[in-house]
Asks: 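This is the structure I want to talk about, given as structure tokens.
By convention in this document, chain letters (A, B, ...) are assigned in the order of the sequence lines, proteins followed by strands, and residues within each chain are numbered from 1.
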2 protein chains.
Amino acid sequence: MWSHERQAKILGLLTARQKVSTSQLALEFDVSRETIRRDLLEMEERALLTRVHGGAMLSDHVIEPEPAFEKRRGHNAEQKSAIGRMALTLIPEGSTCFIDTGTTTIAFARELMARGNIRVITNSLEIARIMAGGKDCDVLLLGGRPHRDVPATYGEMTLSQIDRFLADFAVISPVGLHVDRGVTDYELHEAEVARAMMRRAQSCVVLCHSDKIGVESRVSICRLDEVDHLVTDQNPKSAGLSLSRGAVHFAGVE
Amino acid sequence: MWSHERQAKILGLLTARQKVSTSQLALEFDVSRETIRRDLLEMEERALLTRVHGGAMLSDHVIEPEPAFEKRRGHNAEQKSAIGRMALTLIPEGSTCFIDTGTTTIAFARELMARGNIRVITNSLEIARIMAGGKDCDVLLLGGRPHRDVPATYGEMTLSQIDRFLADFAVISPVGLHVDRGVTDYELHEAEVARAMMRRAQSCVVLCHSDKIGVESRVSICRLDEVDHLVTDQNPKSAGLSLSRGAVHFAGVE
DNA sequence: AGATTTCAGGCATAATCGGGCGAAAACCGC
DNA sequence: GCGGTTTTCGCCCGATTATGCCTGAAATCT
């Protein structure tokens, strides 16, 4: 791995994650922190990023906080990124994914975009927007009724379009995950999209922050044993959770 | 093995692997590193690759994506709003509109949303997002491939979905409007969506800032006489423009 | 304020580069 | 063929680069 190559990847990760930390990058690339700092220094000189204490951020990033959805986005951002990174190892390059709407799946999409070479079918406007620029990313945004609060499409048009595709994975991030109640969402529309994606995919990957484990929401998506992979951050509460059929992956977060 | 031959093979390996290392190549071709370096030097002079410490990589196009869309948005915001308000008078409440992508149509969508009671079918993520919250607004976002720079969907999926609907109006905002060359857009994808919308609508409304009058762009959408209503801001240049079949409306701007 | 993390610069090390030199091969005119 | 010239290539060695480690200074956290 050469410095130019590393710098290009750092740039990719930066656009994906908005910010990068020196020590995190040092771990990921298996080089010393000094090397990373030197890279960041060079890239700052080329005005590609802005160095800050502890790492770097996009130079021209304007943050305009918006309603509920935007608020949730910043919440547990670190863990969500870690979950996204962990999920990345489950999805081989070149495969086809349905991706559901959600702040966790957005973090996942950012990682996916940074890696490139993937086919994505999603109902999330945000994911479509993010991944549109990705290298070798074939993105399809599903049509339908845009939701009032969440940037995503729902409704029968969305569902019927999902049925026109087949994918390797359905990546969904529900509101709740409960041993008895299974996987749940807050709204019928959301749950229906998630269910349709699962139906048309070989394998079901659930991304889920540990907050949501043990939570039951209003509308059922599926039973727990219909989930093939669960990716979450380490959490004591989750110890009691197990999938009869699938595997649980923990994304360790400091 | 001659140097040309070797260089050709190096080029092949480079496109295959993205990067090549001096020592690796020296091993593969069973020559010294110096020889390889001389080859790489030559090839760099011919701009076939970029040498880096340890080897070479594909010529790097580190490009800074220009914020074209965001920049355009703020441009002539006042006039665009006025055009949007003017257009509002043409569209009765309760009617169904196709709305094309563009900064001018976004301004129009804002007005439409404020009034409410409208059915909208659009390929613009931005318009879908804006109008989703509107009172009595039935919005449908068309699926398809998200564009790299512009928040909108294009492609055959978008086109085939347009054909599933019929509307009263197609509201489009082209890049250029020229007496002889007619209505033009910059990209084929954009033009095709606009054309499809026109085909499935009773009436065609063109929103167009006076800047664009007299401009011809690359891809033709339609002839001028296929336009039913043109809404623009008052401008001396536009005096010469007339529609054989439709009406021209001026949105006076202070 | 004290503890911890991060930064910046100096130094060490290993890999790589660049240029000079000479040998071998290829080329060329006769 | 043959001698001279040109090209190609390998080896050597000082210079450069990339990276890691260390230490005191600065910033951040608690």
Asks: Whole angstroms only, please: what is the CG-C1' distance between B:L27 and C:dA15?
Replies: 15 Å
Asks: Counting only side-chain N and O atoms of A:S32, is one of them less than 4.0 Å from OP1 or OP2 of D:dC21?
Replies: no
Asks: From D:dG20, C:dC7, C:dT16, pick the nucleotide closest to the side chain of B:S23?
Replies: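 Between D:dG20, C:dC7, C:dT16, the one nearest the side chain of B:S23 would be C:dT16.
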Asks: Other residues, nucleotides and ligands only: do more than 12 of their heavy atoms fall within 6.0 Å of CZ on A:R200?
Replies: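 Yes, enclosed.
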Asks: How many angstroms lie between atom CZ of A:F29 and atom OG of A:S3, to the nearest 0.5 angstrom?
Replies: 11.5 Å
Asks: At less than 4.0 Å, is any side-chain N or O atom of A:S3 found next to OP1 or OP2 of D:dT17? Yes or no.
Replies: no
Asks: Atom CZ of B:R37 and atom C1' of D:dC11: how far apart are they, to the nearest Å?
Replies: 12 Å
Asks: Side-chain donor or acceptor of B:R38 under 3.5 Å from a matching atom on the base of C:dG18?
Replies: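 No, the side chain and the base share no sub-3.5 Å donor-acceptor pair.
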Asks: Could you state the CD1-P distance from B:I36 to D:dC11, rounded to the nearest angstrom?
Replies: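 Rounding to the nearest Å, CD1 of B:I36 and P of D:dC11 are 13 Å apart.
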Asks: Could you check B:D185 against B:S217 for side chain to side chain donor-acceptor pair (under 3.5 Å), going step by step and ending with a plain yes or no?
Replies: CA-CA 6 Å; B:D185 241 341; B:S217 189; over 6 Å; no
Asks: For B:L40 and C:dT16, give me the distance from atom CG to atom C1', rounded to whole Å.
Replies: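 Whole-Å distance recorded here is 13 Å.
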Asks: Which word best sums up how the rings of A:Y154 and A:H189 line up, parallel for under 30°, tilted for 30 to 60°, or perpendicular for over 60°?
Replies: parallel
Asks: Which one, C:dC17, D:dG20, D:dC9, comes nearest to the side chain of B:T35?
Replies: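 My answer, after comparing the listed nucleotides, is D:dC9.
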Asks: Taking the side chain as every heavy atom from C-beta outward, state whether A:I99 and A:S124 have any atom pair closer than 4.5 Å.
Replies: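 Sidechains of A:S124 and A:I99: no contact.
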Asks: Less than 4.5 Å apart, side chain to side chain, heavy atoms only: is that true for A:R6 and A:V31?
Replies: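 A side-chain contact under 4.5 Å exists here.
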Asks: Just the rounded figure in Å: distance from C1' of C:dT16 to CE of B:M57.
Replies: 17 Å
Asks: Rounding to an integer number of Å, can you tell me how far A:D39 CG sits from C:dC7 P?
Replies: 13 Å
Asks: Could you tell me the separation between the CG atom of B:D30 and the C1' atom of D:dT8, rounded to a whole number of Å?
Replies: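 One finds 15 Å between C1' of D:dT8 and CG of B:D30, rounded.
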Asks: Using whole Å, report how far CG of B:L41 lies from P of D:dC9.
Replies: 14 Å
Asks: Does B:R218 make a cation-pi contact with B:Y186 (under 6.0 Å, within 45 degrees of the axis)?
Replies: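 Verdict for B:Y186: a cation-pi partner in B:R218.
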Asks: I'd like to know if B:R33 reaches the base of D:dG10 with its side chain such that a donor and an acceptor end up less than 3.5 angstrom apart.
Replies: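 Result: no qualifying N/O pair found.
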Asks: Which pairs, protein N/O on one side and nucleotides 23-30 of chain D N/O on the other, fall under 3.5 Å?
Replies:
none

